[in-house]
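Note sheet for the following structure.
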Amino acid sequence: MERTFVMVKPDGVRRGLVGEILGRFERKGFRLVGLRMLRIGRELAEAHYAEHREKPFFQGLVEFITSGPVVAFVLEGPNAIAEVRKMMGATHPKDALPGTIRGDFATTIDENVIHGSASPEDAAREIALFFREEELL
Ligand SMILES: Nc1ncnc2c1ncn2[C@@H]1O[C@H](COP(=O)(O)OP(=O)(O)OP(=O)(O)O)[C@@H](O)[C@H]1O
C-alpha cells in the first residue's frame, strides 16, 4: 500500500473544485488518510518547491501558492503516487487529456489546479511537511 500527498492549489479552491477533485479520488477507491485546509506561508512554500528554487518561475510560483487557501490531503492505495498523477494529467494543461483533472479544469501552467507527489521520496518529504504523524488516520 502506498501513500501520496495531494494539494488542491489556490485556483482550485477559489473555483470551488475541491469536492469534485476529492470525489474523483474517493470514487476511484483511494482511502483518505489526512485532510487539512490552510493558507501556505512563504517559508512552507519555499520548502515545498525547493527543487525549483533556481527556476525563473520560482517567485511567481511562491506568490501563487500563498495567494489563498489550499486543501492538502494524503491518499492511500495501490500505486497511489503514479495513479494520482495519471488522474491529474500532464503538468501543462495543453498536454493534459480530457478526463484528467488538469485536462478538464485547467488551461495554463501557472494555475494548474492540483499538485501530487512525483516519487516515493517526494511523497514522504511532502507528507511530513504538511502533516504530523498523529493527523494521519
Ligand atoms: N514554466 C513554468 N511556468 C510557470 N509555472 C510552472 C512552470 N513549470 C512548472 N510550473 C509550476 O511549478 C509546478 C511544479 O512543476 P513540476 O515540473 O514539478 O510539475 P508537476 O510535478 O507536474 O507539478 P506539481 O509539482 O505541482 O504536481 C507546476 O505544477 C506549475 O504550477
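Just follow the structure's listing: the first ligand is 1, and inside any ligand the first atom is 1. The structure displayed is predicted, hence computed values, not measured ones.
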Handout entry: Protein contact of atom 21 (O) of ligand 1 - nearest heavy atom, named by residue and atom, plus distance
Key = Arg85 NH1, 3.2 Å
Handout entry: Side chain to side chain, Arg15 and Val113, heavy atoms closer than 4.5 Å
Key = yes
Handout entry: Gly116 N/O under 3.5 Å from ligand 1 N/O
Key = yes
Problem - Gap separating the CG atom of Leu75 from the CD atom of Glu2, nearest 0.5 angstrom - result: 11.5 Å
Problem - Under 3.5 Å: donor-acceptor pair, side chain of Asp104, backbone of Gly99 - result: yes
Practice task
Enumerate the atoms of ligand 1 whose separation from the nearest heavy atom of Arg102 is less than 4.0 angstrom.
Solution key: 22 (O), 23 (O), 24 (P), 26 (O), 27 (O), 29 (O)
Problem - Residue and atom name of the nearest protein heavy atom (relative to atom 11 (C) of ligand 1), distance in Å to one decimal - result: Leu61 CD1, 3.7 Å
Completion exercise
protein heavy-atom neighbour closest to atom 20 (P) of ligand 1 works out as Thr91 OG1, 3.4 Å
Problem - Salt bridge Arg36-Glu135, side-chain N to carboxylate O under 4.0 Å - result: no
Practice task
Would you please determine whether Lys9 falls within less than 4.0 Å of ligand 1 on a heavy-atom basis?
Solution key: yes
Practice task
Please determine if Glu51 has a nitrogen or oxygen closer than 3.5 Å to a nitrogen or oxygen of ligand 1.
Solution key: no
Practice task
For the pair Glu63 and Arg42, find out whether any cationic side-chain nitrogen is under 4.0 Å from an anionic carboxylate oxygen.
Solution key: yes
Handout entry: Nitrogen or oxygen of Asp110 less than 3.5 angstrom from that of ligand 1
Key = no
Problem - Student check: side-chain heavy atoms of His48 and Ile65 closer than 4.5 Å - result: no
Practice task
Give yes or no for whether the N/O distance cutoff of 3.5 Å, strictly under, is met between Ile109 and ligand 1.
Solution key: yes
Exercise for the section: Around atom 16 (P) of ligand 1, find the nearest protein heavy atom and jot down its residue, atom name and distance. Expected result: His52 NE2, 3.6 Å
Handout entry: Tyr49, portion touching ligand 1 at heavy-atom distance under 4.0 Å
Key = side chain
Exercise for the section: Give the residue, atom name and distance (to 0.1 Å) of the protein heavy atom nearest atom 25 (O) of ligand 1. Expected result: His115 ND1, 2.8 Å
Handout entry: Candidate with minimal heavy-atom separation from atom 29 (O) of ligand 1, of Asp122, Asn112, Ile65
Key = Asn112
Practice task
Please name the residue in the list Glu76, Glu126, Glu83 that meets the salt bridge (charged side-chain N to carboxylate O under 4.0 Å, His left out) test with Arg3.
Solution key: Glu76
Exercise for the section: Please write down residue, atom name and distance for the protein heavy atom closest to atom 10 (N) of ligand 1. Expected result: Phe57 CE1, 3.5 Å
Handout entry: pair Pro69-Leu38: side-chain heavy atoms closer than 4.5 Å
Key = no
Exercise for the section: Would you kindly confirm whether Ile81 and Phe73 end up in one hydrophobic cluster when ILVMFWY residues are joined by side chain heavy atoms under 4.5 Å apart? Expected result: no
